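Notes to accompany the following structure.
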Amino acid sequence: MGAIQAIRGTRDILPNEVSYWQHAEATARTIFQRAQYQEIRTPIFEATELFARGIGEATDVVGKEMYSFTDRGDRALTLRPELTAGVARACIQNGLLKPGSLQRLWYTGPTFRYERPQAGRQRQFHQVGIECLGSDSPLADVEVIALATDLLQALGLRSLQLDINSVGRGEDRQRHRQALVDYLTPHKADLDADSQDRLTRNPLRILDSKNERTQTIVQDAPQLLDYLSPESRRHFEQVQASLNDLGIAYQINPRLVRGLDYYTHTAFEIQSADLGAQATVCGGGRYDGLVATLGGADTPAVGWALGMERLILLLQELQASPTTAPDFYVVSRGAIAQARALVLTQKLRQQGFGLEFDLSGSGFGNQFKRADRSGAIACLILGDEEAAQGKISIKWLPTQTQDTWTQDRLLTSPDSLRQTLAQLRETLAASQT
RNA sequence: GCGAGUGUAGCCAAGAGGUCAAGGCAGUGGAUUGUGGUUCCACCAUGCGUGGGUUCGAAUCCCAUCACUCGCCCCA
(Lines give C-alpha, C1' and ligand atoms only; values in the text may rest on other atoms or scores of the structure.)
Protein backbone atom coordinates (compact mmCIF):
# COMPACT_ATOMS: atom_id res chain seq x y z
CA MET A 1 0.00 0.00 0.00
CA GLY A 2 1.48 3.25 -1.09
CA ALA A 3 4.60 1.42 -2.21
CA ILE A 4 6.25 3.00 -5.21
CA GLN A 5 6.26 0.86 -8.32
CA ALA A 6 8.53 0.79 -11.32
CA ILE A 7 6.90 2.97 -13.95
CA ARG A 8 4.89 1.53 -16.76
CA GLY A 9 6.87 -0.30 -19.39
CA THR A 10 10.00 -0.55 -17.25
CA ARG A 11 11.07 -3.52 -15.21
CA ASP A 12 13.74 -4.80 -12.88
CA ILE A 13 16.16 -7.41 -14.07
CA LEU A 14 16.60 -9.57 -11.00
CA PRO A 15 19.59 -11.75 -10.10
CA ASN A 16 17.98 -14.95 -11.35
CA GLU A 17 17.65 -13.40 -14.81
CA VAL A 18 20.92 -11.53 -14.93
CA SER A 19 22.94 -14.64 -15.68
CA TYR A 20 21.23 -14.82 -19.09
CA TRP A 21 22.11 -11.21 -19.78
CA GLN A 22 25.72 -11.71 -18.83
CA HIS A 23 25.96 -14.77 -21.00
CA ALA A 24 24.45 -12.97 -24.00
CA GLU A 25 26.61 -9.90 -23.51
CA ALA A 26 29.80 -11.90 -23.11
CA THR A 27 29.05 -13.91 -26.23
CA ALA A 28 28.32 -10.76 -28.21
CA ARG A 29 31.51 -9.13 -27.01
CA THR A 30 33.76 -11.99 -28.11
CA ILE A 31 32.08 -12.25 -31.49
CA PHE A 32 32.45 -8.52 -32.12
CA GLN A 33 36.05 -8.49 -30.96
CA ARG A 34 36.97 -11.37 -33.26
CA ALA A 35 35.78 -9.24 -36.17
CA GLN A 36 37.64 -6.15 -34.95
CA TYR A 37 34.57 -4.19 -33.92
CA GLN A 38 35.26 -1.70 -31.12
CA GLU A 39 32.85 -0.71 -28.41
CA ILE A 40 31.47 2.82 -28.33
CA ARG A 41 29.36 4.36 -25.57
CA THR A 42 27.24 7.39 -26.26
CA PRO A 43 24.87 9.41 -24.04
CA ILE A 44 21.42 8.14 -23.20
CA PHE A 45 19.84 11.44 -24.19
CA GLU A 46 20.55 13.67 -27.13
CA ALA A 47 19.16 16.76 -28.78
CA THR A 48 15.67 16.01 -30.06
CA GLU A 49 16.71 17.40 -33.40
CA LEU A 50 19.24 14.59 -33.88
CA PHE A 51 16.46 12.02 -34.02
CA ALA A 52 13.98 14.23 -35.85
CA ARG A 53 16.51 14.79 -38.61
CA GLY A 54 18.20 11.41 -38.58
CA ILE A 55 15.26 9.06 -38.22
CA GLY A 56 12.73 11.19 -40.06
CA GLU A 57 9.90 13.43 -38.91
CA ALA A 58 7.26 11.27 -40.57
CA THR A 59 8.23 8.03 -38.84
CA ASP A 60 6.21 6.56 -35.99
CA VAL A 61 9.26 6.58 -33.77
CA VAL A 62 9.71 10.31 -34.06
CA GLY A 63 6.06 11.16 -34.49
CA LYS A 64 4.63 9.47 -31.45
CA GLU A 65 7.11 7.31 -29.55
CA MET A 66 9.79 9.61 -28.21
CA TYR A 67 10.41 10.49 -24.60
CA SER A 68 11.07 14.19 -25.10
CA PHE A 69 11.48 16.95 -22.54
CA THR A 70 13.13 20.28 -22.03
CA ASP A 71 15.80 20.71 -19.39
CA ARG A 72 16.34 23.69 -17.11
CA GLY A 73 18.25 25.43 -19.86
CA ASP A 74 15.29 25.07 -22.23
CA ARG A 75 17.09 22.59 -24.44
CA ALA A 76 14.84 20.19 -26.36
CA LEU A 77 16.10 16.73 -25.39
CA THR A 78 15.02 13.14 -26.03
CA LEU A 79 15.86 9.80 -24.44
CA ARG A 80 17.34 7.85 -27.31
CA PRO A 81 14.79 5.70 -29.17
CA GLU A 82 17.65 3.88 -30.94
CA LEU A 83 21.42 4.18 -30.92
CA THR A 84 22.47 4.53 -34.54
CA ALA A 85 21.82 8.26 -34.79
CA GLY A 86 23.80 8.92 -31.61
CA VAL A 87 26.70 6.79 -32.82
CA ALA A 88 26.74 8.61 -36.14
CA ARG A 89 26.70 11.93 -34.30
CA ALA A 90 29.59 10.83 -32.09
CA CYS A 91 31.62 9.76 -35.11
CA ILE A 92 31.11 13.10 -36.83
CA GLN A 93 31.77 15.15 -33.71
CA ASN A 94 34.95 13.29 -32.79
CA GLY A 95 36.36 13.08 -36.28
CA LEU A 96 36.28 9.29 -36.45
CA LEU A 97 35.29 9.26 -40.10
CA LYS A 98 38.43 10.10 -41.96
CA PRO A 99 38.05 9.90 -45.74
CA GLY A 100 38.64 6.41 -47.01
CA SER A 101 38.82 4.89 -43.55
CA LEU A 102 36.52 2.42 -41.92
CA GLN A 103 34.94 2.40 -38.48
CA ARG A 104 33.66 -0.86 -37.11
CA LEU A 105 31.71 -0.21 -33.91
CA TRP A 106 29.44 -2.02 -31.51
CA TYR A 107 27.31 -0.78 -28.65
CA THR A 108 24.82 -1.82 -26.05
CA GLY A 109 22.57 0.07 -23.70
CA PRO A 110 19.09 1.17 -22.69
CA THR A 111 16.71 2.61 -25.26
CA PHE A 112 13.36 4.33 -24.80
CA ARG A 113 10.12 4.40 -26.75
CA TYR A 114 6.73 5.51 -25.53
CA GLU A 115 4.61 2.58 -26.66
CA ARG A 116 1.94 0.34 -25.22
CA PRO A 117 3.84 -2.40 -23.38
CA GLN A 118 3.38 -6.01 -24.46
CA ALA A 119 5.36 -9.20 -24.18
CA GLY A 120 8.73 -8.37 -25.76
CA ARG A 121 7.94 -4.67 -25.87
CA GLN A 122 8.72 -2.17 -23.17
CA ARG A 123 9.24 1.53 -22.81
CA GLN A 124 12.76 1.09 -21.57
CA PHE A 125 14.45 -1.76 -23.37
CA HIS A 126 17.99 -2.68 -24.29
CA GLN A 127 19.69 -2.98 -27.60
CA VAL A 128 22.96 -4.44 -28.76
CA GLY A 129 24.10 -3.40 -32.17
CA ILE A 130 26.93 -2.92 -34.59
CA GLU A 131 27.69 -0.31 -37.22
CA CYS A 132 30.16 -0.55 -40.06
CA LEU A 133 30.82 2.95 -41.37
CA GLY A 134 32.79 3.89 -44.47
CA SER A 135 32.19 1.06 -46.93
CA ASP A 136 29.63 0.84 -49.68
CA SER A 137 30.58 -2.72 -50.53
CA PRO A 138 27.84 -5.36 -50.46
CA LEU A 139 30.38 -7.44 -48.57
CA ALA A 140 30.05 -5.02 -45.67
CA ASP A 141 26.32 -5.71 -45.60
CA VAL A 142 27.03 -9.41 -45.50
CA GLU A 143 29.75 -9.17 -42.86
CA VAL A 144 27.33 -7.37 -40.63
CA ILE A 145 24.52 -9.86 -41.24
CA ALA A 146 26.88 -12.76 -40.68
CA LEU A 147 27.90 -11.41 -37.30
CA ALA A 148 24.24 -11.29 -36.30
CA THR A 149 23.60 -14.88 -37.36
CA ASP A 150 26.87 -15.99 -35.74
CA LEU A 151 25.86 -14.40 -32.48
CA LEU A 152 22.42 -15.98 -32.45
CA GLN A 153 23.86 -19.33 -33.36
CA ALA A 154 26.55 -19.10 -30.71
CA LEU A 155 23.79 -18.58 -28.19
CA GLY A 156 22.19 -21.79 -29.37
CA LEU A 157 19.12 -20.25 -30.98
CA ARG A 158 17.45 -22.21 -33.75
CA SER A 159 14.41 -21.73 -35.92
CA LEU A 160 15.10 -18.10 -36.66
CA GLN A 161 14.32 -16.63 -40.03
CA LEU A 162 16.36 -14.07 -41.90
CA ASP A 163 14.39 -11.86 -44.29
CA ILE A 164 16.17 -9.51 -46.66
CA ASN A 165 15.02 -6.88 -49.09
CA SER A 166 16.33 -3.87 -50.90
CA VAL A 167 14.61 -0.57 -50.41
CA GLY A 168 16.82 1.07 -53.04
CA ARG A 169 17.74 4.70 -52.91
CA GLY A 170 15.58 7.72 -52.27
CA GLU A 171 14.85 8.28 -55.97
CA ASP A 172 13.88 4.64 -56.49
CA ARG A 173 11.48 4.82 -53.59
CA GLN A 174 9.96 8.04 -54.88
CA ARG A 175 9.20 6.52 -58.26
CA HIS A 176 7.82 3.38 -56.71
CA ARG A 177 5.75 5.33 -54.25
CA GLN A 178 4.16 7.30 -57.05
CA ALA A 179 3.37 4.15 -58.99
CA LEU A 180 1.93 2.58 -55.87
CA VAL A 181 -0.32 5.54 -55.14
CA ASP A 182 -1.46 5.60 -58.75
CA TYR A 183 -2.32 1.92 -58.55
CA LEU A 184 -4.07 2.05 -55.19
CA THR A 185 -6.03 5.28 -55.48
CA PRO A 186 -8.78 3.77 -57.69
CA HIS A 187 -9.21 1.02 -55.05
CA LYS A 188 -9.20 3.39 -52.13
CA ALA A 189 -12.77 2.68 -51.07
CA ASP A 190 -12.02 -1.04 -50.79
CA LEU A 191 -9.00 -0.63 -48.53
CA ASP A 192 -9.23 -1.01 -44.78
CA ALA A 193 -9.33 2.16 -42.73
CA ASP A 194 -5.69 2.02 -41.66
CA SER A 195 -4.52 1.57 -45.20
CA GLN A 196 -6.65 4.44 -46.51
CA ASP A 197 -4.93 6.58 -43.98
CA ARG A 198 -1.51 5.34 -45.02
CA LEU A 199 -2.18 6.06 -48.69
CA THR A 200 -0.95 9.60 -48.17
CA ARG A 201 1.27 9.09 -45.15
CA ASN A 202 3.22 5.92 -45.90
CA PRO A 203 1.86 3.93 -48.85
CA LEU A 204 4.65 1.34 -48.67
CA ARG A 205 3.18 0.07 -45.44
CA ILE A 206 -0.06 -0.86 -47.15
CA LEU A 207 1.76 -3.75 -48.80
CA ASP A 208 2.21 -5.19 -45.34
CA SER A 209 -1.42 -4.91 -44.24
CA LYS A 210 -2.93 -7.87 -42.41
CA ASN A 211 -6.37 -7.10 -43.77
CA GLU A 212 -7.44 -9.85 -46.21
CA ARG A 213 -9.30 -7.64 -48.62
CA THR A 214 -6.43 -5.20 -48.76
CA GLN A 215 -4.06 -8.09 -49.37
CA THR A 216 -5.96 -9.24 -52.46
CA ILE A 217 -5.85 -5.72 -53.87
CA VAL A 218 -2.18 -5.40 -53.09
CA GLN A 219 -1.26 -8.67 -54.78
CA ASP A 220 -0.83 -7.03 -58.19
CA ALA A 221 0.54 -3.75 -56.91
CA PRO A 222 3.87 -2.49 -58.24
CA GLN A 223 6.81 -4.03 -56.37
CA LEU A 224 9.62 -1.90 -55.05
CA LEU A 225 12.15 -4.41 -56.37
CA ASP A 226 11.02 -3.59 -59.93
CA TYR A 227 11.85 0.05 -59.42
CA LEU A 228 15.39 -0.35 -58.21
CA SER A 229 18.14 1.38 -60.16
CA PRO A 230 20.58 -0.96 -61.92
CA GLU A 231 23.19 -0.05 -59.32
CA SER A 232 20.92 -0.90 -56.42
CA ARG A 233 19.83 -4.12 -58.07
CA ARG A 234 23.45 -5.15 -58.58
CA HIS A 235 24.18 -4.39 -54.94
CA PHE A 236 21.29 -6.56 -53.84
CA GLU A 237 22.35 -9.41 -56.10
CA GLN A 238 25.86 -9.33 -54.70
CA VAL A 239 24.53 -9.43 -51.17
CA GLN A 240 22.56 -12.55 -52.05
CA ALA A 241 25.51 -14.20 -53.77
CA SER A 242 27.74 -13.55 -50.80
CA LEU A 243 25.15 -14.83 -48.33
CA ASN A 244 24.99 -17.98 -50.44
CA ASP A 245 28.78 -18.31 -50.28
CA LEU A 246 28.56 -18.21 -46.50
CA GLY A 247 25.74 -20.71 -46.39
CA ILE A 248 23.47 -18.28 -44.59
CA ALA A 249 19.84 -19.12 -45.27
CA TYR A 250 17.57 -16.19 -46.09
CA GLN A 251 14.29 -15.31 -47.69
CA ILE A 252 13.67 -12.38 -49.95
CA ASN A 253 10.74 -10.48 -48.54
CA PRO A 254 9.65 -7.73 -50.94
CA ARG A 255 7.32 -6.34 -48.30
CA LEU A 256 10.03 -5.81 -45.74
CA VAL A 257 10.34 -2.09 -45.10
CA ARG A 258 12.00 -0.41 -42.21
CA GLY A 259 10.42 2.07 -39.89
CA LEU A 260 13.24 4.54 -40.00
CA ASP A 261 13.80 6.83 -42.96
CA TYR A 262 17.54 6.51 -43.16
CA TYR A 263 17.72 3.06 -44.70
CA THR A 264 18.96 2.55 -48.27
CA HIS A 265 19.56 -0.57 -50.34
CA THR A 266 19.72 -3.58 -48.04
CA ALA A 267 17.17 -4.02 -45.27
CA PHE A 268 16.94 -7.15 -43.17
CA GLU A 269 15.21 -8.62 -40.19
CA ILE A 270 15.66 -11.76 -38.11
CA GLN A 271 12.46 -13.12 -36.66
CA SER A 272 11.46 -15.87 -34.31
CA ALA A 273 8.17 -17.73 -34.26
CA ASP A 274 8.39 -17.99 -30.48
CA LEU A 275 7.90 -14.35 -29.60
CA GLY A 276 4.24 -13.74 -30.39
CA ALA A 277 3.32 -10.48 -32.05
CA GLN A 278 6.74 -8.91 -31.49
CA ALA A 279 8.62 -11.39 -33.62
CA THR A 280 11.63 -9.35 -34.69
CA VAL A 281 14.77 -10.05 -32.68
CA CYS A 282 17.19 -8.19 -34.87
CA GLY A 283 16.71 -5.58 -37.55
CA GLY A 284 18.99 -3.46 -39.64
CA GLY A 285 20.27 -2.48 -43.01
CA ARG A 286 22.29 -0.01 -44.98
CA TYR A 287 22.00 3.70 -44.32
CA ASP A 288 24.19 5.56 -46.78
CA GLY A 289 22.52 8.91 -46.25
CA LEU A 290 22.45 9.26 -42.49
CA VAL A 291 25.89 10.66 -41.76
CA ALA A 292 25.52 13.34 -44.44
CA THR A 293 22.04 14.19 -43.19
CA LEU A 294 23.55 14.84 -39.78
CA GLY A 295 26.15 17.18 -41.21
CA GLY A 296 29.05 14.81 -41.73
CA ALA A 297 30.88 13.85 -44.89
CA ASP A 298 29.07 11.53 -47.25
CA THR A 299 29.65 8.15 -45.58
CA PRO A 300 28.10 4.83 -46.54
CA ALA A 301 27.24 2.56 -43.60
CA VAL A 302 25.46 -0.63 -42.56
CA GLY A 303 24.39 -1.92 -39.19
CA TRP A 304 21.80 -3.62 -37.08
CA ALA A 305 20.29 -3.56 -33.64
CA LEU A 306 19.13 -6.51 -31.61
CA GLY A 307 16.54 -6.39 -28.83
CA MET A 308 18.05 -7.80 -25.65
CA GLU A 309 14.74 -8.46 -23.89
CA ARG A 310 13.48 -10.47 -26.84
CA LEU A 311 16.75 -12.34 -27.04
CA ILE A 312 16.58 -13.17 -23.33
CA LEU A 313 13.03 -14.47 -23.75
CA LEU A 314 14.31 -16.90 -26.35
CA LEU A 315 17.28 -17.94 -24.20
CA GLN A 316 15.00 -18.62 -21.26
CA GLU A 317 12.81 -20.89 -23.36
CA LEU A 318 15.93 -22.75 -24.36
CA GLN A 319 17.76 -23.48 -21.15
CA ALA A 320 17.54 -23.36 -17.40
CA SER A 321 19.29 -20.55 -15.67
CA PRO A 322 23.02 -21.19 -15.28
CA THR A 323 23.68 -21.78 -11.60
CA THR A 324 26.41 -20.14 -9.59
CA ALA A 325 27.16 -22.56 -6.78
CA PRO A 326 30.16 -21.82 -4.55
CA ASP A 327 33.06 -24.23 -4.07
CA PHE A 328 32.82 -24.04 -0.29
CA TYR A 329 30.10 -23.19 2.18
CA VAL A 330 31.57 -21.86 5.41
CA VAL A 331 29.93 -23.10 8.60
CA SER A 332 31.07 -21.56 11.86
CA ARG A 333 29.83 -21.01 15.38
CA GLY A 334 31.03 -18.85 18.26
CA ALA A 335 32.41 -15.32 18.03
CA ILE A 336 36.08 -16.25 17.93
CA ALA A 337 35.62 -19.09 15.48
CA GLN A 338 33.42 -16.96 13.21
CA ALA A 339 35.92 -14.15 13.10
CA ARG A 340 38.70 -16.60 12.24
CA ALA A 341 36.47 -18.28 9.63
CA LEU A 342 35.92 -15.00 7.87
CA VAL A 343 39.67 -14.42 7.66
CA LEU A 344 40.16 -17.86 6.09
CA THR A 345 37.24 -17.25 3.76
CA GLN A 346 38.75 -14.07 2.42
CA LYS A 347 42.16 -15.68 1.96
CA LEU A 348 40.66 -18.53 -0.06
CA ARG A 349 38.64 -16.09 -2.14
CA GLN A 350 41.86 -14.25 -2.89
CA GLN A 351 43.26 -17.55 -4.16
CA GLY A 352 40.36 -17.78 -6.57
CA PHE A 353 37.95 -20.09 -4.78
CA GLY A 354 34.23 -19.40 -4.48
CA LEU A 355 32.95 -19.31 -0.91
CA GLU A 356 29.64 -18.55 0.71
CA PHE A 357 29.94 -17.49 4.33
CA ASP A 358 27.03 -18.34 6.62
CA LEU A 359 25.88 -15.24 8.47
CA SER A 360 22.75 -16.61 10.09
CA GLY A 361 24.23 -17.30 13.52
CA SER A 362 21.97 -20.32 13.79
CA GLY A 363 22.88 -23.86 14.84
CA PHE A 364 25.11 -26.20 12.87
CA GLY A 365 22.13 -28.21 11.74
CA ASN A 366 20.56 -25.28 9.96
CA GLN A 367 23.84 -24.14 8.55
CA PHE A 368 24.32 -27.56 6.96
CA LYS A 369 20.87 -27.40 5.46
CA ARG A 370 21.77 -24.13 3.83
CA ALA A 371 25.11 -25.53 2.72
CA ASP A 372 23.29 -28.30 0.92
CA ARG A 373 20.91 -25.91 -0.78
CA SER A 374 23.75 -23.67 -1.88
CA GLY A 375 25.04 -26.46 -4.10
CA ALA A 376 28.54 -26.18 -2.62
CA ILE A 377 30.94 -29.08 -3.07
CA ALA A 378 32.28 -28.90 0.46
CA CYS A 379 31.73 -27.35 3.86
CA LEU A 380 34.47 -25.64 5.79
CA ILE A 381 33.65 -26.10 9.46
CA LEU A 382 35.10 -23.96 12.19
CA GLY A 383 33.78 -24.32 15.73
CA ASP A 384 35.30 -23.82 19.14
CA GLU A 385 37.28 -27.07 18.93
CA GLU A 386 38.95 -26.28 15.61
CA ALA A 387 39.53 -22.66 16.53
CA ALA A 388 41.32 -23.64 19.72
CA GLN A 389 43.68 -25.99 17.85
CA GLY A 390 44.29 -23.88 14.73
CA LYS A 391 42.49 -26.50 12.68
CA ILE A 392 39.56 -26.66 10.31
CA SER A 393 37.23 -29.47 9.26
CA ILE A 394 36.34 -30.05 5.64
CA LYS A 395 33.23 -32.02 4.85
CA TRP A 396 33.02 -33.20 1.27
CA LEU A 397 29.30 -33.15 0.68
CA PRO A 398 28.94 -35.57 -2.25
CA THR A 399 30.89 -38.34 -0.50
CA GLN A 400 29.87 -37.48 3.05
CA THR A 401 33.46 -37.77 4.17
CA GLN A 402 35.20 -35.38 6.50
CA ASP A 403 38.83 -34.39 7.04
CA THR A 404 40.44 -32.22 9.66
CA TRP A 405 43.33 -30.10 8.43
CA THR A 406 45.47 -27.45 9.97
CA GLN A 407 44.39 -23.99 8.84
CA ASP A 408 47.88 -23.54 7.51
CA ARG A 409 47.55 -26.57 5.25
CA LEU A 410 44.21 -25.27 3.95
CA LEU A 411 45.83 -22.07 2.80
CA THR A 412 48.96 -23.61 1.32
CA SER A 413 47.54 -26.37 -0.83
CA PRO A 414 45.31 -24.64 -3.37
CA ASP A 415 46.28 -27.07 -6.12
CA SER A 416 45.19 -30.19 -4.31
CA LEU A 417 42.01 -28.41 -3.19
CA ARG A 418 41.23 -27.50 -6.75
CA GLN A 419 41.89 -31.03 -7.88
CA THR A 420 39.61 -32.56 -5.28
CA LEU A 421 36.85 -30.08 -6.09
CA ALA A 422 37.10 -30.86 -9.78
CA GLN A 423 36.94 -34.61 -9.14
CA LEU A 424 33.92 -34.35 -6.91
CA ARG A 425 32.17 -32.02 -9.32
CA GLU A 426 32.72 -34.56 -12.08
CA THR A 427 31.35 -37.50 -10.14
CA LEU A 428 28.42 -35.34 -9.11
CA ALA A 429 27.65 -34.45 -12.70
CA ALA A 430 27.99 -38.08 -13.75
CA SER A 431 25.55 -39.25 -11.11
CA GLN A 432 23.00 -36.68 -12.18
CA THR A 433 22.82 -37.76 -15.82
C1' G B 1 -3.53 5.86 -29.48
C1' C B 2 -7.82 1.90 -30.27
C1' G B 3 -10.23 -3.06 -28.92
C1' A B 4 -10.53 -7.33 -25.42
C1' G B 5 -9.09 -9.97 -20.96
C1' U B 6 -6.78 -10.50 -16.04
C1' G B 7 -5.10 -8.62 -10.91
C1' U B 8 -5.82 -13.14 -3.87
C1' A B 9 1.65 -14.00 -0.07
C1' G B 10 8.23 -14.37 -3.28
C1' C B 11 5.72 -18.22 -7.00
C1' C B 12 1.25 -21.45 -8.44
C1' A B 13 -3.50 -20.95 -6.89
C1' A B 14 -9.08 -22.24 -4.15
C1' G B 15 -12.91 -18.98 -2.85
C1' A B 16 -18.52 -16.64 -6.72
C1' G B 17 -22.03 -11.30 -0.93
C1' G B 18 -22.51 -14.15 5.52
C1' U B 19 -17.25 -18.96 10.53
C1' C B 20 -11.43 -12.80 11.83
C1' A B 21 -9.24 -16.10 2.98
C1' A B 22 -8.31 -23.45 1.44
C1' G B 23 -4.08 -25.94 -0.45
C1' G B 24 0.83 -26.50 -2.75
C1' C B 25 5.98 -24.74 -3.71
C1' A B 26 9.59 -21.55 -1.61
C1' G B 27 11.17 -19.31 3.15
C1' U B 28 12.08 -19.21 8.69
C1' G B 29 12.41 -21.76 13.44
C1' G B 30 12.35 -26.44 16.01
C1' A B 31 12.68 -32.07 16.66
C1' U B 32 18.80 -32.39 16.20
C1' U B 33 22.44 -25.95 21.63
C1' G B 34 28.79 -29.87 16.36
C1' U B 35 26.91 -32.11 11.14
C1' G B 36 22.93 -31.62 5.31
C1' G B 37 19.66 -33.66 1.36
C1' U B 38 14.27 -37.68 3.67
C1' U B 39 10.56 -37.18 7.60
C1' C B 40 7.62 -34.67 11.43
C1' C B 41 5.90 -30.10 13.99
C1' A B 42 5.25 -24.83 14.19
C1' C B 43 5.31 -19.99 11.90
C1' C B 44 4.46 -17.37 7.29
C1' A B 45 -2.20 -12.15 3.76
C1' U B 46 -5.94 -7.49 10.56
C1' G B 47 -5.96 -8.53 4.21
C1' C B 48 -7.63 -10.06 -1.72
C1' G B 49 -3.61 -4.10 -7.26
C1' U B 50 -5.32 1.07 -5.48
C1' G B 51 -9.39 4.57 -4.25
C1' G B 52 -14.40 5.30 -3.82
C1' G B 53 -19.59 3.40 -3.80
C1' U B 54 -23.89 -0.24 -2.94
C1' U B 55 -25.10 -3.38 1.45
C1' C B 56 -26.62 -4.93 8.25
C1' G B 57 -22.30 -7.40 5.93
C1' A B 58 -17.78 -7.09 -0.05
C1' A B 59 -11.97 -10.84 -2.20
C1' U B 60 -17.02 -11.67 -4.32
C1' C B 61 -21.64 -6.49 -7.00
C1' C B 62 -20.88 -1.17 -9.26
C1' C B 63 -17.64 3.03 -10.72
C1' A B 64 -12.95 5.08 -11.29
C1' U B 65 -7.80 4.40 -11.44
C1' C B 66 -3.10 1.77 -11.86
C1' A B 67 -0.49 -2.45 -13.64
C1' C B 68 0.04 -6.73 -16.59
C1' U B 69 -1.47 -9.94 -20.80
C1' C B 70 -3.45 -10.60 -25.87
C1' G B 71 -4.78 -8.25 -30.57
C1' C B 72 -4.40 -3.65 -33.86
C1' C B 73 -0.66 0.04 -35.02
C1' C B 74 4.54 -0.15 -35.03
C1' C B 75 9.22 -1.81 -33.88
C1' A B 76 14.24 -4.28 -31.11
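Sequence lines set the chain letters: A, B, ... in the order given, protein chains first and strands last, and positions in each chain run from 1. Just the heavy atoms: all of them, side chains too, but no hydrogens, waters or symmetry mates, feed the values below. Computed from a prediction, not measured in an experiment: that's the story for all the values here.
Scanning atom types as modelled, no donor and acceptor separated by under 3.5 angstrom connect the side chain of K369(A) and the base of G37(B).
Remark: R418(A) is positioned above the aromatic ring of F353(A), its terminal NZ or CZ atom under 6.0 angstrom from the ring centre and at most 45 degrees off the axis. Both the sub-6.0 Å distance and the 45° axial angle are not jointly satisfied by R173(A) relative to the ring of Y227(A).
Ring pair W396(A)/F328(A) is tilted by interplanar angle, where 30° to 60° counts as tilted. Note on ring orientation: taking the six-membered ring where Trp is involved, the planes of W304(A) and F32(A) are tilted (angle from 30° to 60°).
A gap of 30 Å separates the P atoms of G3(B) and C11(B), to the nearest Å. A45(B) and C20(B) have their C1' atoms separated by 12 Å, given to the nearest Å. Rounded to a whole angstrom, the distance from the C1' atom of A16(B) to that of A58(B) is 12 Å. One P atom belongs to U60(B), the other to G51(B), and the distance between them is 13 Å to the nearest Å. Using atom P as the reference point in both C68(B) and C75(B), the two lie 22 Å apart (nearest Å). For the P atoms, the distance linking U19(B) with A59(B) amounts to 11 Å, nearest Å. C63(B) and U69(B) have their P atoms separated by 24 Å, given to the nearest Å. Separation of the P atoms belonging to C61(B) and G23(B) is 24 Å when rounded to the nearest angstrom.
Rounded to a whole Å, the CD atom of E386(A) is 12 Å from the P atom of U35(B). A straight line from CZ of R373(A) to P of U38(B) spans 8 Å, rounded to a whole angstrom. If you measure from atom CD1 of I336(A) to atom C1' of G34(B), you get 17 Å, rounded to the nearest angstrom. Following rounding to the nearest Å, I7(A) (CD1) and A67(B) (P) show an atom-to-atom distance of 9 Å. The distance between atom CG of D12(A) and atom C1' of A67(B), rounded to the nearest whole Å, is 14 Å. Counting to the nearest Å, the P atom of G37(B) and the OH atom of Y329(A) are 14 Å from each other. We find that CD of E385(A) is positioned 13 Å from C1' of U33(B), with the value rounded to whole Å. The nearest whole Å value for the distance from the CG atom in N16(A) to the P atom in C11(B) is 11 Å.
Using a 3.5 Å distance cut-off with no hydrogens or angles, the side chains of E17(A) and W21(A) do pair a donor with an acceptor. For the residue pair S166(A) / H265(A), no side-chain donor-acceptor distance below 3.5 Å is found, with atom types taken as modelled.
At the heavy-atom level, Q367(A) lies nowhere under 4.0 Å from the strands shown. When heavy atoms are screened at a 4.0 angstrom cut-off, L311(A) is found touching no nucleic acid atom at all.
If you check C25(B) for Watson-Crick or wobble pairing at under 3.5 angstrom, you find it paired to G10(B). Across all strands shown, C48(B) forms no Watson-Crick or G-U wobble pair with both key distances under 3.5 Å. Base pairing analysis places G18(B) opposite C56(B); the two distances defining the Watson-Crick or G-U wobble pair are each below 3.5 Å. Across all strands shown, C73(B) remains unpaired; no Watson-Crick or G-U wobble contact has both distances below 3.5 Å. Both distances falling under 3.5 Å, in either a Watson-Crick or a G-U wobble arrangement, occur for no nucleotide opposite G36(B). Pairing for G5(B) is with C68(B), a Watson-Crick or G-U wobble pair whose two hydrogen-bonding atom distances lie under 3.5 Å.
In terms of phosphate contacts, N366(A) brings a side-chain nitrogen or oxygen within less than 4.0 Å of OP1 or OP2 of G30(B). At least one side-chain nitrogen or oxygen of R370(A) sits closer than 4.0 Å to the OP1 or OP2 atom of U28(B).
Between F236(A) and L225(A) the shortest heavy-atom distance is CE2-CD2, 3.9 Å.
Annotation for I336(A): atom CD1 does not count as buried by contact number, only 12 or fewer foreign heavy atoms lying within 6.0 Å.
Looking at D372(A), its side chain never comes within 3.5 Å of a backbone N or O of K369(A) through a donor-acceptor pair.
Remark: A292(A) engages D298(A) in a side-chain contact (heavy atoms from CB on, under 4.5 Å) (not counting sequence neighbours).
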* **Stepwise side-chain hydrogen bond (donor to acceptor under 3.5 Å, both in side chains) check, R370(A) with S360(A)** => CA-CA 10 Å; R370(A) 275 190 282 271; S360(A) 69; 2.5 Å; yes
* Between protein and nucleotides 71-76 of chain B, map the contacts as a letter string: B base, S sugar-phosphate only, - none, heavy atoms under 4.0 Å, written 5' to 3'. => BBBBBB
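If you check residues 399-408 of chain A against RNA chain B, the residues with a heavy atom closer than 4.0 Å are Q400(A), Q402(A), listed by number.
If you find the closest nucleotide of RNA chain B to D372(A) and to S362(A), the one lying nearer the 5' end belongs to S362(A).
Both stacking criteria are satisfied for F368(A) over the base of U35(B): a centre-to-centre distance under 5.5 angstrom and an angle between ring planes under 30 degrees.
Within the model, atoms CG of L199(A) and NE2 of H187(A) stand 12.0 Å from one another, a figure rounded to the nearest 0.5 Å.
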